[in-house]
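Heads up: the structure comes next, in structure tokens.
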Amino acid sequence: MDENRIMQERRRKVEDLRQAGHHPYANDFEMCHEDVARALEVPVEDLPHEDGVSEDQPFYKVAGRLVAAAKFGKAAFLKIRYAGKELQIYIRKDILTESEFLAFKKCEVGDHVGAWGRLFQTRQGKPALRAERFAMITKAVRSLPEKFHGLKDPELRSRMRYVDLVANPEVADVFRKRAKLVSYLRRFMDDRAFVEVETPMMHPLIGGAAAKPFKTRHNALNLDLFLRIAPELYLKRLLVGGLERVYELGRCFRNEGLSRRHNPEFTMLEFYMAYATYQDLMSLTEELVAGAAQVVAGGLKLTVPNVEGEMVEVDFTPPWPKVSVLEATAAGLKKIDDQAPDAQALRDDAIVTAWIDDHDVAAQDDALATALSHAETWGDRIGALFDWFGEPALPVDRPVFVKDYPLAISPLSRKKDDDPVLVDRFELFVAGQELGNAFSELNDPADQRERFQRQVEKKSRGSDETMDYDEDYCRALEYGMPPAAGEGIGIDRLAMLLCGQRSIRDVILFPLLRPESGRTEKKATSKNDEQPTIKAKPPIRGTETP
RNA sequence: GGGCCCAUAGCUCAGAUGGUAGAGCAUCGGACUUUUAAUCCGGCGGUCGCAGGUUCGAUCCCUGCUGGGCUCACCA
């Protein structure tokens, strides 16, 4: 039976309902939003069997999507779902009107139906609502996926999320948890006197992170714009203006490939706190993430997907270990060469370059070779070595702060007062995955101008992921930005951890997909039943945490 | 963009060394007033992703294309 035939049958039922005086898309059924949940709260033992149902019992008015039906001709059990809860409705021909029973006969899995009645316990000891009234509310003309195996094709699941959510109820749970996480984050920030702001998503300049942007255009102003890769520079302008604690929870866009951990459009929590340091933010981050684990996942010891997609145990109980970039890198190098330079020796660029040459590490890995060939300074080289050797060697059973990054790869961070080749910065790693990036902010306008200048020079040498020189931002700093620390946390990745999802696509309702082609336009045979093509309008996507 | 794998009914999947194909669910008709993937009987349902090639014959082998998955690269 092809899909058109199924739809024709169902459209026929729509007409049958109309002719019998029913509205197949009614919106006048009186129900109570709380009743499905309330009905399920009543202990089954307290419910009478069907023959004991009396008019003294409370009346429930429920509605929902029909997700299962066991029909027997003159009776039936229907299972409806509303707000993630499922309730059985027991239908008997002899208590419904003839018209209601006809509506019941026309209903099938996928339709929205409603019933009024009292509760009883079935012979199997389950609660059920004995329908004294029944109504078809909305007829579905497409059939839901097969009930036992559901919808599995990953592409169809994200392309037709509306079906996925119905067919795989645990998917809805993930997104309810994500909503809980987001509201928790707002509460957390609001409780600490942070002001939530919304800054532009369309930027005339690229800034705040190292990434390739999406381009767009404003016609009336004849202006080329970029979708923001980070809100950082606008938020810090607000520090200048006197909003000493600000945060923004919103979308960023990075023009990159897709992976299990990257979506071109992603959500970031970014916040700035005047008169605080990156050390202060470590404690705040511990509090924030551990609190989120409690609220969303109900505990501090969680099973989460690691960077490889395997499920591992992580203990979020603060405080978390801290390790410097140089220490972490040295530890990683030791694993492949016990004569490798230690953290102190790594400070010497001659030793670093000699070790790289001696061990011919570039020859072992094309990507590392590329990274090293683009590394212009000691700091770039340390950054590359940390990525390849330090990161994989980080502890994975607890979250870990990696701190004190080289200046060269941190154009917006404050130099360490006692060690100016490094900056007051940390990144948070959980199960090998980068979750957040934070630093004490650079507020010396002259220094910032030099750093921008270096970015511009780098771009002129061919790099496509550098920041533009933001003159207005420098002007703002010249009015005096209070000392501050700021942080960005990748919310999609945090949601992956707390919801135990391996793929970022499983925590984003509508991840970017190629536009649909071919697969739904195959047949449009019947004359008045053209098969409408499903158009999934792909949102743009973004990627990483800062 | 590279590598590997995949595409059979609306959904989940079988299948034939190359002889044009099956199950369950869904759907339609019938029976059935306590089901939990209800059951029983009967029916409908396929350009085996698209286009070429080899062959007497291709859904199966080959090539290309399209779409997808994993992965690497790009990317914090």
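Owing to the predicted nature of the structure, the values given are computational and were not obtained by experimental measurement. Proteins come first, then strands; the chains are lettered A, B, ... in the order of their sequence lines, and each starts at number 1.
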Sequence-distant partners of [X], side-chain hydrogen bond (donor to acceptor under 3.5 Å, both in side chains), two or more places apart:
| X | result |
| --- | --- |
| A/Tyr90 | none |
| A/Lys106 | A/Asp16 |
| A/Arg157 | A/Asp164 |
| A/Tyr60 | none |

Does the structure place the NZ or CZ of A/Arg161 under 6.0 Å from the centre of the six-membered ring of A/Phe510, at an angle of no more than 45° from the ring's axis?
no

Counter-base of [N], judged by Watson-Crick or G-U geometry with both distances under 3.5 Å:
| N | value |
| --- | --- |
| B/C50 | B/G64 |
| B/A26 | none |
| B/U59 | none |

Would you measure the distance from the [atom1] atom in [N] across to the matching atom in [M] and give it in whole Å?
| N | M | atom1 | result |
| --- | --- | --- | --- |
| B/C44 | B/A23 | P | 11 Å |
| B/U63 | B/G3 | P | 14 Å |
| B/G1 | B/G15 | P | 33 Å |
| B/C25 | B/G67 | P | 36 Å |

With respect to the phosphate group of [N], does any side-chain polar atom (N or O) of [X] fall under 4.0 Å of OP1 or OP2?
| X | N | value |
| --- | --- | --- |
| A/Arg142 | B/A26 | no |
| A/Gln124 | B/U35 | yes |
| A/Arg505 | B/G69 | yes |

If you check every side-chain atom of [X], which of [options] has the closest atom?
| X | options | result |
| --- | --- | --- |
| A/Glu146 | B/U27, B/U12, B/C75 | B/U12 |
| A/Asp153 | B/C25, B/U35, B/U12 | B/U12 |
| A/Arg12 | B/C11, B/G29, B/A26 | B/G29 |
| A/Glu155 | B/U33, B/C75, B/G67 | B/G67 |
| A/Ala211 | B/C11, B/C75, B/U27 | B/C75 |
| A/Thr122 | B/C25, B/C11, B/U35 | B/U35 |
| A/Glu9 | B/G10, B/C28, B/A38 | B/C28 |

For the pair A/Phe104 and A/Phe101, name the ring-plane relationship: parallel under 30°, tilted 30 to 60°, perpendicular over 60°.
tilted

Give the ring-plane orientation class for A/Tyr234 versus A/His203, where under 30° counts as parallel, over 60° as perpendicular and anything between as tilted.
tilted

When you match A/Glu50 and A/Lys152 each to their closest nucleotide on RNA chain B, which lands nearer the 5' end?
A/Lys152

Using a 4.0 Å cut-off on heavy atoms, which residues in residues 74-90 of chain A reach RNA chain B? List them by number, or say none.
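Only A/Lys74, A/Ala75, A/Phe77, A/Gln88, A/Tyr90 qualify.
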
Using a strict heavy-atom distance below 4.0 Å, which residues from residues 98-110 of chain A are in contact with RNA chain B?
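By residue number: A/Glu108.
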
Any salt bridge between A/Arg92 and A/Glu50, counting N to O under 4.0 Å?
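Salt bridge between A/Arg92 and A/Glu50, a charged N being under 4.0 Å from a carboxylate O: yes.
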
Salt-bridge contact A/Lys236-A/Glu232 (side-chain N to carboxylate O under 4.0 Å):
yes

Classify the nucleic acid contact of A/Lys93 as base, sugar-phosphate or nothing, counting any heavy atom under 4.0 Å across all strands shown.
nothing

